[in-house]
Amino acid sequence: MNSSAASRRALRYTVPVIFLRRYSYKDIKQATDGFSRVITTSSHGASYKARFEGGSVAVVKEIHLIGQEDDHIFYREVQLLGRLHHRHVVALKGFSVGRKRFLVFENVENGTLKEHLNDPLRTPLDWRIRLKIAVGVAAALEYLHFFCDPPVYHVSISSNTIMLDENFDAKLTDVGLLGSGSDQVTAWRTSSSNETTGQVYGNILYQLGLLILELITGQSSEKTGEDLIEWIEESCFPASLDNMIDPDLGNDYDSRELKGLLAVARFCLKSVDKPNSFTPQIYRYLQRKVSIRKTFI
């Protein structure tokens, strides 16, 4: 490829992201205190807490592109994430490419949903907040699937990948083409590499169903996911409902809303085996079942 062609190619992938801040490797290293402020680590790269000059706080996610040396793959991800604007999807603020590749996201101060469900030192989430989280995640999925062009189907939903802001609004953090995956679904449900759109959507709904069960029971779907699924698929599961509800809730919940939420969870879990159940109304259905006011979203 000659130099003019290479320049045109670089221009093609850099111009659409000029509205995002581009950080240098030095900026990232300094903001993360030499990459010592580790939040999480995975095979896709580590995430760091960052404080940039001027005091702005962010989350920096390192991106590993296995077998992909061209930066245009990374730029495509930046273009995709830079166009996403929804209150329940974490916002991309900037990026860094060169020595290493990083994405810089808004900081969500209240931590992960998993921390709030499992940390005994945190105040338990009440019923209204749990409903708000479920509806917020569903609203984000509706936006990603039906209001984005192109639709975004690469999303991982779990208590680990959902952050809560200062108002306990849910924000999806694992969205896009790089570093996203449905690890829990893969562990329990094998799927073809040539999945149809309906099958991909079915897998995402499956994750949403597991998340709803986790909100209701307080049990980690990473450890007891199969048990939770077996429980809700039993015909007599309503009889054991009182024993399955998160003890932190006590009796402070609406039984009608609980039944509606369980109905949604069962629908979502069955969708993975029925790709034709693809439905753009899942968010509206969830709203209707639990009677959540629009002011929650």
Side-chain angles (χ1 to χ4, degrees), residues 14 16-33 35-42 44-64 74-97 100-116 122 125 129 132-145 147-148 152 154-181 211 296-297:
T14 55
V17 295
I18 58 175
F19 59 89
L20 292 171
R21 179 173 177 179
R22 182 165 180 166
Y23 294 88
S24 68
Y25 178 82
K26 182 180 179 181
D27 292 334
I28 301 295
K29 184 176 181 179
Q30 182 176 340
T32 59
D33 197 14
F35 303 106
S36 64
R37 300 174 181 171
V38 179
I39 301 174
T40 60
T41 57
S42 72
H44 302 294
S47 294
Y48 306 91
K49 189 73 169 286
R51 184 177 295 276
F52 292 96
E53 288 188 5
S56 63
V57 179
V59 173
V60 171
K61 186 174 182 179
E62 184 179 357
I63 299 298
H64 292 162
F74 178 76
Y75 280 121
R76 186 173 66 177
E77 178 80 347
V78 173
Q79 291 168 357
L80 169 70
L81 295 178
R83 293 197 303 265
L84 302 182
H85 296 285
H86 193 275
R87 67 178 297 183
H88 295 296
V89 178
V90 67
L92 181 68
K93 298 297 186 182
F95 66 100
S96 178
V97 66
K100 289 186 177 182
R101 301 178 182 93
F102 299 96
L103 297 175
V104 180
F105 293 97
E106 67 171 315
N107 182 55
V108 186
E109 209 47 72
N110 228 343
T112 67
L113 173 58
K114 183 176 182 179
E115 292 170 340
H116 285 271
R122 289 183 180 266
L125 300 176
I129 288 177
K132 183 168 75 164
I133 291 169
V135 177
V137 172
L141 292 179
E142 181 190 53
Y143 166 74
L144 293 171
H145 297 163
F147 294 98
C148 289
V152 180
H154 294 78
V155 55
S156 179
I157 305 169
S158 73
S159 58
N160 260 329
T161 62
I162 293 172
M163 303 289 289
L164 302 179
D165 67 11
E166 66 276 9
N167 297 316
F168 290 93
D169 285 320
K171 288 183 177 286
L172 297 187
T173 64
D174 201 351
V175 176
L177 300 175
L178 306 178
S180 296
L211 177 72
F296 263 26
I297 301 304

Evaluate side chain to side chain contact (heavy atoms under 4.5 Å, CB included) for Ile133 paired with Leu125, printing each intermediate quantity in order. CA-CA 10 Å; Ile133 291 169; Leu125 300 176; 4.0 Å; yes

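- A donor-acceptor pair is defined here as one N or O able to donate and one able to accept, closer than 3.5 Å; no such pair exists between the side chain of Lys49 and the backbone of Val59.
- Atom-to-atom distance recorded for Ile162:CD1 and Ser156:OG is 9.0 Å, nearest 0.5 angstrom.
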Please determine whether side chain to side chain contact (heavy atoms under 4.5 Å, CB included) holds for the pair Lys132 and Asp169, giving the CA-CA distance in whole Å, both sets of side-chain angles, and the decisive distance to 0.1 Å. CA-CA 7 Å; Lys132 183 168 75 164; Asp169 285 320; 3.6 Å; yes

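- For Asp165, the side-chain hydrogen bond (donor to acceptor under 3.5 Å, both in side chains) criterion is met by no residue, not counting sequence neighbours.
- Between Phe147 and His86, the distance from one ring center to the other does not fall under 6.0 angstrom.
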Start with the C-alpha distance between Leu92 and Glu77, add both sets of side-chain angles, then the distance that settles side chain to side chain contact (heavy atoms under 4.5 Å, CB included), and finish with yes or no. CA-CA 11 Å; Leu92 181 68; Glu77 178 80 347; over 6 Å; no

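- Residues satisfying the side-chain hydrogen bond (donor to acceptor under 3.5 Å, both in side chains) criterion with Glu166, sequence neighbours excluded, are absent altogether.
- Atom NE2 of His116 sits about 4.0 Å away from atom CG of Asn110, to the nearest 0.5 Å.
- Applying the side-chain contact (heavy atoms from CB on, under 4.5 Å) test to Ala31 and every residue at least two apart in sequence or in another chain returns Ala50, Phe52.
- One finds the CG atom of Leu81 at 11.5 Å from the CZ atom of Arg76 (value rounded to the nearest 0.5 Å).
- Partners of Gln30 by side-chain contact (heavy atoms from CB on, under 4.5 Å), not counting sequence neighbours, listed by chain and number: Glu53.
- In plain terms, the two heavy atoms of Ala140 and Val89 that are nearest each other are CB-CG2, 4.0 Å.
- Among residues two or more places apart in sequence or in another chain, the side-chain contact (heavy atoms from CB on, under 4.5 Å) test is passed with Asp33 by Ser36, Arg37.
- One N or O on the side chain of Ser96 and one on the backbone of Tyr23 form a donor-acceptor pair closer than 3.5 Å.
- Checked by atom type and distance alone, the side chain of Tyr143 pairs as donor or acceptor with a backbone atom of His85 at under 3.5 Å.
- Residues forming a ring-ring contact (aromatic ring centres under 6.0 Å, His included) with Tyr25 (at least two apart in sequence, or on another chain): Phe35.
- In this view, Ser56 satisfies the side-chain hydrogen bond (donor to acceptor under 3.5 Å, both in side chains) rule with no residue, not counting sequence neighbours.
- Residue Phe102 holds its CZ atom at 11.0 Å from CG of Asp27, rounded to the nearest 0.5 Å.
- Contact record, Leu80 with Gly176: CD2-CA, 3.9 Å, taken as the closest heavy-atom pair.
- The two residues Cys148 and Leu84 come nearest to each other via the heavy atoms SG-CD2, 3.6 Å.
- How far CD1 of Ile28 is from CG of Leu103: 9.5 Å, rounded to the nearest 0.5 Å.
- Annotation for Ala46 and Thr41: closest pair CB-CG2, 3.9 Å, computed over non-hydrogen atoms.
- The distance from atom CD of Glu62 to atom OH of Tyr48, rounded to the nearest 0.5 Å, is 5.0 Å.
- Legend: residues meeting side-chain contact (heavy atoms from CB on, under 4.5 Å) with Thr173, ordered by chain and number and at least two apart, are Val90, Thr161, Met163.
- Considering only residues two or more places apart in sequence or on other chains, Phe105 meets the ring-ring contact (aromatic ring centres under 6.0 Å, His included) condition with none of them.
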Checking side chain to side chain contact (heavy atoms under 4.5 Å, CB included) for the pair Leu141/Ile157: CA distance, chi angles, key distance, verdict? CA-CA 10 Å; Leu141 292 179; Ile157 305 169; 3.6 Å; yes

